[in-house]
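Inspection log for the structure reproduced underneath, given as structure tokens.
Everything numeric in this text was worked out from a predicted model, so none of it was measured.
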Amino acid sequence: MEILRTVVEPLLTEALKSIGVQNAHWKKMLVPSRERDQGDLSLPCFPFAKQLGQAPDTIAEKIAQALQSAPAIGEVNAVAGYLNIKANPQWIASKVIDGQIRIGDARGNLSSNDREVLIEHTSANPNGPFHVGRARNAILGDTLVRLHRLYGNKVRAEYYVDDMGKQVAVLAWALENMTKSEVDSLLNNDDSNNPQWAGKADHERVRWYQAAQLARQERDDKQAIEDEISRMVHASENGDQQVLQSFESAYQPVLDGMLTTLERLGIKFDTFTKESKFVINGDVARLMEQFAGLEIHGTADNGAQFLDLGARGLKGKTEFFFRRGDGSSLYATRDIAYHIWKWSQSDQLINVLGEDHKLQAKQVGLTLKELGQKAPQVMFYSFIKLPEGKMSTRKGNVVFMDDLLEEAKAQAAAVVAELRPDYSAEQVLEIAEAAGTSAVRFNIIKVSPDKGFTFRWEEALAFEGGSAPFVMYSHARSCSIAKKCIDSGIDIDAVMSQDAIDIPSEMPVGLVELLRSIAVHNDILEKAVIDRRPHLFANQLLHLSTAFNSFYRDCMILNDGEVNKFNFRISQTARALMRTAMEGLGLIPLEKM
RNA sequence: GGGCGUGUAGCACAGCUGGAUAAUGCGUUGGCCUCCUAAGCCGAAGAUCCCGGGUUCAAAUCCUGGCACGUCCGCCA
């Protein structure tokens with residue numbers, strides 16, 4: 001609780017001086033209390049024991065007595081060698097009532113500094129529909145974008161389009177050289193695809209891609225196919241406009257289909273940058289020339305070139321190849337050119353990458369440093385597995401995002417229809433869409449990115465406990481009560497702007513817990529943003545919602561047509577915080593559900 | 001074989017820049033709707049924090065050695 005720390009630190013400095021502690025090392029020992037019942041900030045007194053020649057219990061006791069009181073400080077107690085300080089709930093309440101709690105805006109309308117953060121995420125090869133595994137990148141990346149905006153940063157969300165290389169070449173080749181019946185027969189007429197996605201290019205064209213992959217292994221003329229694809233790949237890497245154009249017409253509809261899926265999850269990008277840009281404009285060629293002059297540069301027998309990053313701390317295989325024997329560039333080389341360009345666009349770079357890219361990211365980072373540039377920050381995430389094992393399109397062991405979202409909506413609709421029998425069918429579907437997509441997002445956001453994650457339908461579609469609908473429900477309740485106030489003729493604007501609001505001297509536990517949660521809300525947002533750990537904020541929103549529900553139980557806002565102004569103001573603050581936090585996580589803040 | 005990551009109640013997951021009685025949800029279980037949305041609230045039971053050693057006043061957290069799982073170790077992307 002940082003707002004409490006600013007008050008407590010000077011007082012604690014004095015108190016510690018009075019018992020003989022002069023230096024300020026203790027400041028980093030003053031931490032949020034682990035035992036929430038005990039306090040908001042705690043100072044373990046064990047390290048002072050040796051210095052003062054006294055028992056930690058005694059020291060804690062002495063500090064407690066020497067600590068000057070202040071309006072911010074509620075209880076101070078000394079327990080088992082800890083000095084525990086609890087904020088005065090009335091003091092927190094006064095801060096809330098005075099509007100001193102930052103609400104924020106995840107849509108980016110409240111940027112409070114001029115730095116711009118460029119967050120690159122997703123950047124999936126445009127060769128097929130998103131499955132749940134690939135979507136973890138998009139959901140985490142978009143959440144990071146939103147949280148930065150909520151925090152007050154200017155953000156640019158960027159998609160790096162892989163518009164050259166083998167994967168798109170295969171897709172382009174297939175679309176130009178294979179008929180539908182060929183594709184169908186190669187895939188054994190197995191159309192397990194959901195017919196609902198007929199006409200959606202990512203689902204349609206991926207069949208050509210898959211069929212081509214089989215053709216490359218099975219067909220009699222497979223060598224000819226390979227030669228042709230190889231020719232296209234190399235032409236693209238040399239910036240051949242005609243080939244690049246044919247690639248684009250192959251992948252663009254696929255990419256559009258993928259983006260449609262993401263849009264349903266509230267995910268949007270500000271800019272798209274094509275990989276070929278840096279080949280065409282000569283950056284890649286110049287970069288390779290520059291590499292050749294570096295002291296860690298090396299050349300293989302066939303003329304391929306590399307940098308030996310072993311000298312820069314890379315372990316394992318230390319040769320980082322940036323140029324093939326035939327002189328063409330490699331993916332990582334282009335990625336470095338891309339990063340140099342990105343640094344010209346922004347002060348802070350963040351990439352969201354799967355754990356399989358760790359080595360490559362390390363190589364790019366070290367090379368950028370070798371060139372005198374900074375390495376980007378990276379948020380890595382572990383892969384999503386299915387209970388049956390690794391997700392694999394080839395083996396058909398895959399859950400498509402489009403199907404998941406449909407299923408989520410259908411199951412949510414069943415729940416809504418049962419819980420709210422009086423709602424119209426249209427209303428039910430609207431709520432179901434919001435609850436379903438939010439649930440899917442939240443399910444992925446709330447776990448730590450570096451934790452392996454097993455996708456289970458029953459968990460993704462759980463609509464209670466620690467889920468998005470739980471949060472949405474708390475928020476909807478806060479909206480409902482406000483609406484009720486308006487409906488009973490109360491001028492809520494007047495209540496909100498009224499200066500003197502009495503703060504009750506007695507507070508029920510639900511209210512106190514809500515105030516404490518509000519008081520740490522922005523601390524946790526900051527930590528989640530700086531540490532790139534969105535799940536921390538997801539957790540906070542869960543706590544805030546739980547606290548709101550307890551407050552709602554304990555504190556009547558509307559009683560016999562009379563509004564309790566204090567409770568109403570607290571409720572409205574919580575409502576605003578829940579709303580912006582939900583937007584920050586990409587959940588849809590319905591006002592009624 | 002080497003690098004990196006993960007291992008915490010039946011299940012899932014938080015805590016990991018050392019600090020108290022290891023938090024939360026599901027599941028199990030007991031209560032609460034004549035009272036602002038019960039998708040809710042309140043209570044109970046449930047944990048050798050993967051294993052062994054070490055550092056420390058203090059280890060789930062740091063070091064070290066194992067084990068298990070994931071991932072990478074392409075002149076692929």
Does a donor on one side chain and an acceptor on the other come within less than 3.5 Å for E75(A) and N84(A)?
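No, no side-chain donor-acceptor pair sits under 3.5 Å.
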
Do the side-chain N and O atoms of E407(A) and Q411(A) include a donor-acceptor pair separated by under 3.5 angstrom?
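Yes, side-chain donor-acceptor contact under 3.5 Å.
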
Of the listed nucleotides (A12(B), C36(B), U37(B)), which one gets closest to any side-chain atom of R456(A)?
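Out of A12(B), C36(B), U37(B), the nucleotide with an atom closest to R456(A)'s side chain is A12(B).
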
Nearest to the side chain of A476(A) - A22(B), U37(B), C13(B)?
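Given the options A22(B), U37(B), C13(B), the side chain of A476(A) is closest to U37(B).
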
Hey, does F321(A) reach any base, or is it just sugar-phosphate, or nothing, if we go heavy atoms under 4.0 Å?
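Contact class for F321(A): base.
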
Between atom [atom1] in [X] and atom [atom2] in [N], what is the gap in whole Å?
| X | N | atom1 | atom2 | value |
| --- | --- | --- | --- | --- |
| K50(A) | A58(B) | NZ | C1' | 11 Å |
| M29(A) | U56(B) | CE | P | 19 Å |
| N443(A) | C11(B) | CG | C1' | 14 Å |
| K451(A) | C69(B) | NZ | C1' | 13 Å |

When you compare [N] with [M], how far apart are their [atom1] atoms, in angstrom units rounded to a whole number?
| N | M | atom1 | value |
| --- | --- | --- | --- |
| G15(B) | U61(B) | P | 15 Å |
| U55(B) | C63(B) | P | 15 Å |
| C26(B) | A45(B) | C1' | 15 Å |
| A22(B) | U48(B) | C1' | 14 Å |

Aromatic rings Y160(A) and F278(A): how do their planes relate, parallel, tilted or perpendicular, breaks at 30° and 60°?
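Rings of Y160(A) and F278(A): tilted, as their planes differ by 30° to 60°.
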
Ring-plane angle category for F551(A) and F548(A), please: parallel below 30°, perpendicular beyond 60°, tilted otherwise.
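Tilted, since the angle between the ring planes falls between 30° and 60°.
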
Between S382(A) and F46(A), which is nearer to the 5' end of RNA chain B once each is assigned its nearest nucleotide?
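Upstream on the strand: F46(A).
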
Nearest-nucleotide 5' precedence on RNA chain B, H543(A) against N549(A):
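Nearest nucleotide further toward 5': that of H543(A).
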
Would you say the side chain of [X] and the base of [N] hold a donor-acceptor pair, judged only by whether the two atoms sit under 3.5 Å apart?
| X | N | value |
| --- | --- | --- |
| D356(A) | C72(B) | no |
| N539(A) | A23(B) | no |
| T454(A) | A12(B) | no |
| R477(A) | A39(B) | no |

Any side-chain heavy-atom pair from F442(A) and T143(A) closer than 4.5 angstrom?
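F442(A) does not reach T143(A) side chain to side chain.
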
